[in-house]
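Order of appearance sets the numbers: ligands from 1, and atoms from 1 within every ligand. For this chain, numbers begin at 1 and follow the sequence in order.
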Amino acid sequence: MKNIGNIVQFQIYSTMGNPDPERLPVVYEEWESRAREILEDGPYYYVAGGAGGEKTMKANLEAFHRWKIIPRMFRNVENRDLSVEILGHTFPFPILHAPIGVQSIIHPDGEIASAKASASLGIPYIASSASTVPMEKIAEAMGDAARWFQLYWSKNPDITASFVKRAEQSGYSAIVVTLDTPMMAWREYDLKNVYLPFLAGEGVGNYFTDPAFVAKLEKSPQEDPMSAIMYWTRIFGNPALTWDDIAFLRKQTNLPILLKGILHPNDAKLALQYGVDGIIVSNHGGRQVDGAISTLDALPKICEVIDQKIPVFMDSGIRRGSDIIKAIALGAKAVFVGRPCMYGLAVNGERGVKEVLQNLIADLDITLGLTGLTSVEEINSSILIKNESFLPFKG
Ligand code: FNR
């Protein structure tokens, strides 16, 4: 959709004389505070919290403040296009819905609501291995809309292979392997609240419906859910994996394989060497290694190493349109959005997620135009300055 920012803005201002009593927030911080009012401590902190002292979670946001956009004038920005080409497909916006598990703790419609909201906007939805709803049900709710599958590589190779096959069969078009979570991090709030949703049977929908998983149980998950959950705790993550294991995954699928959680340039080099199809610069929203580098800080060096050979995506800390512009200017092809969608889900289910994403797109479109650009393709580092240390005088 062209010029979506103006359309959304006009829709909002046109209600000036007749305010909508069901009005949802616009300000990101208000979505979060409304979600805080709705959710109990356990689920709220599971979503909003990070690892350890939450230094990396904060660093993700602060990193954006160190880069400033220098807008250009008189550039005819009347018609703008936010579309982007990813792995041979054109998508309307440089935004993907980050993989997020256990959404049933946030809203009863959980993953189905988020997937439908993403589908309605043409935003690819990345279904988590840890979804409460099995991947086939999510696929069914999405029709032909674009979807990728996020793999938590299980200790049991049969389950890993089965997940990938099921994803292929239900129309997912890429596999995103998350590398940064071979085990749950030290998350102080979850430990304080003694809250791990999986132990209450949330987020295990893909496992409980998986033939390879069920084959290992004496009784079905319906008959004996606690034993099934205990087996899940033993096989969920796989800390023994190494780069050579990518060959196993390649044997299972012809789908593109992307690695999520890359932060070191040398790991980016290895990703190229091992022939993956894309990487996601991510620190899991500051939920895994407290004190880890922010993703915006990690991005430029990684993009230098990758040298456009494969697409580089970025997540962790994307909250507003200008954040997306900065990430793309520093080399990202597109960004993943995590917590903002979950606050939308908490506040108003599918409509909430859609509103959050639509506002983000509108903000991106308007900020792009006001920067003096008319397409995502045109965004590059010449529009940015770091800490006002130099002025770019390039063309
Ligand atoms: C996540 N994330 C995540 N990542 C993943 O690969 N698989 C998963 O199942 C989950 N689950 C999950 C649950 C919750 C509640 C959150 C908040 C996050 C991480 C997610 O994909 C993404 O990397 C971060 O959310 C990005 O950071 P922001 O946008 O939340 O700051």
Side-chain angles (χ1 to χ4, degrees), residues 28 31-32 35 39 42-51 54 56-64 95-107 110-111 114 118 124-133 135 138 148-154 163 174-185 187 189-190 195-198 202-207 236-237 258-263 279-289 292 294-296 298 313-320 323-324 327 332 334-346 353 356-357 360:
Y28 167 75
W31 284 103
E32 179 169 1
L39 299 173
Y44 173 73
Y45 284 104
Y46 186 79
V47 176
E54 304 190 332
T56 294
M57 199 171 86
K58 290 183 193 106
N60 284 336
L61 304 180
E62 283 162 10
F64 287 95
I95 296 172
L96 295 91
H97 189 302
I100 298 203
V102 289
Q103 292 181 35
S104 51
I105 65 169
I106 303 170
H107 190 278
E111 290 92 6
S114 304
S118 306
Y125 179 76
I126 309 174
S128 164
S129 280
S131 301
T132 296
V133 174
M135 65 182 104
I138 297 172
W148 295 0
F149 179 72
Q150 177 268 324
L151 179 71
Y152 276 136
W153 192 315
S154 169
F163 271 25
I175 303 292
V176 174
V177 188
T178 299
L179 304 182
D180 56 23
T181 314
M183 59 191 108
M184 218 55 92
R187 296 183 187 164
Y189 281 98
D190 295 343
Y195 185 77
L196 187 64
F198 305 98
E202 313 278 358
V204 290
N206 283 318
Y207 297 86
F236 164 71
L258 296 92
L259 303 181
K260 176 170 182 274
I262 300 291
L263 291 169
I279 60 169
I280 299 100
V281 176
S282 170
N283 56 34
H284 216 101
R287 299 162 67 79
Q288 285 301 100
V289 177
S294 79
T295 50
L296 200 71
F313 302 86
M314 181 268 194
D315 79 14
S316 303
I318 299 290
R319 301 292 178 262
R320 291 191 160 88
D323 300 337
I324 301 175
V335 299
F336 292 7
V337 181
R339 291 186 187 84
C341 297
M342 292 305 101
Y343 298 138
L345 180 66
V353 179
V356 163
L357 287 170
L360 187 62

**Report entry** Minimum non-hydrogen distance to atom 20 (C) of ligand 1, winning option of G203, C341, G317, P99
**Finding:** P99

**Report entry** Close-contact set for ligand 1 against D315 heavy atoms, below 4.0 Å
**Finding:** 22 (C), 23 (O), 26 (C)

Requested in this report: Considering only non-hydrogen protein atoms, determine which one is nearest to atom 6 (O) of ligand 1 and report residue, atom name and distance to 0.1 Å.
Outcome: T178 OG1, 2.7 Å

Query raised in the report: Regarding T132 and S104, is there a side-chain donor-to-acceptor distance under 3.5 Å anywhere?
Result: yes

Report summary line: Nearest non-hydrogen protein atom to atom 30 (O) of ligand 1, with distance, is R339 N, 2.9 Å

Requested in this report: Only one of N60, T295, T56 passes side chain to side chain donor-acceptor pair (under 3.5 Å) with N283; say which it is.
Outcome: N60

Report task. Report the relative orientation of the aromatic rings in Y45 and Y189; use parallel for angles under 30°, tilted for 30 to 60°, perpendicular for over 60°. Result -> parallel

**Report entry** Side chain, backbone, both or neither: H284 near ligand 1, heavy atoms under 4.0 Å
**Finding:** both

Report task. Go through the side-chain N and O atoms of S129 and N206 and say whether any donor and acceptor fall under 3.5 Å apart. Result -> no

Query raised in the report: Would you call V47 a ligand 1 contact, heavy-atom distance under 4.0 Å?
Result: yes

Query raised in the report: In terms of atom number and element, which parts of ligand 1 are under 4.0 angstrom from non-hydrogen atoms of I100?
Result: 10 (C), 11 (N), 12 (C), 13 (C), 14 (C), 15 (C)

Report summary line: closest protein heavy atom to atom 25 (O) of ligand 1 is G338 CA, 3.6 Å

Report summary line: If you scan protein heavy atoms around atom 24 (C) of ligand 1, the nearest is G285 N, 3.8 Å

Query raised in the report: Going by heavy atoms, is K260 under 4.0 Å from ligand 1?
Result: yes

Query raised in the report: For the side chain of R319 and the backbone of P340, is there at least one donor-acceptor N/O pair under 3.5 Å apart?
Result: no

Query raised in the report: Looking only at heavy atoms, what is the nearest atom pair of A35 and Y343, with distance?
Result: CB-CD2, 3.6 Å

**Report entry** Proximal ligand 1 atoms for G101, defined as those under 4.0 Å from one of its heavy atoms
**Finding:** 8 (C), 9 (O), 10 (C), 11 (N), 12 (C), 13 (C)

Query raised in the report: At a 4.0 Å threshold, what atoms of ligand 1 neighbour a non-hydrogen atom of S282?
Result: 23 (O)

**Report entry** Identity and distance of the protein heavy atom lying nearest atom 31 (O) of ligand 1
**Finding:** R319 NH2, 2.8 Å

Report summary line: Smallest heavy-atom separation, S114 atom then Q103 atom, equals OG-OE1, 2.6 Å

Query raised in the report: Looking only at atom types and distance, does a side-chain atom of Q288 sit under 3.5 Å from a main-chain N or O of D180, one as donor and one as acceptor?
Result: yes

Query raised in the report: Which protein heavy atom lies closest to atom 18 (C) of ligand 1, and at what distance to 0.1 Å?
Result: R287 NE, 3.5 Å

Requested in this report: May I ask you to decide if the ring planes of F236 and Y152 are parallel, tilted or perpendicular, using 30° and 60° as cut-offs?
Outcome: perpendicular

Query - Protein heavy-atom partner closest to atom 9 (O) of ligand 1 - residue, atom, separation in Å - result: S128 OG, 2.6 Å

Requested in this report: Tell me which part of Y152 gets within contact of ligand 1: side chain, backbone, both or neither, using heavy atoms under 4.0 Å.
Outcome: side chain

Requested in this report: Would you check whether Q103 reaches within less than 4.0 Å of ligand 1, judged by its heavy atoms?
Outcome: no

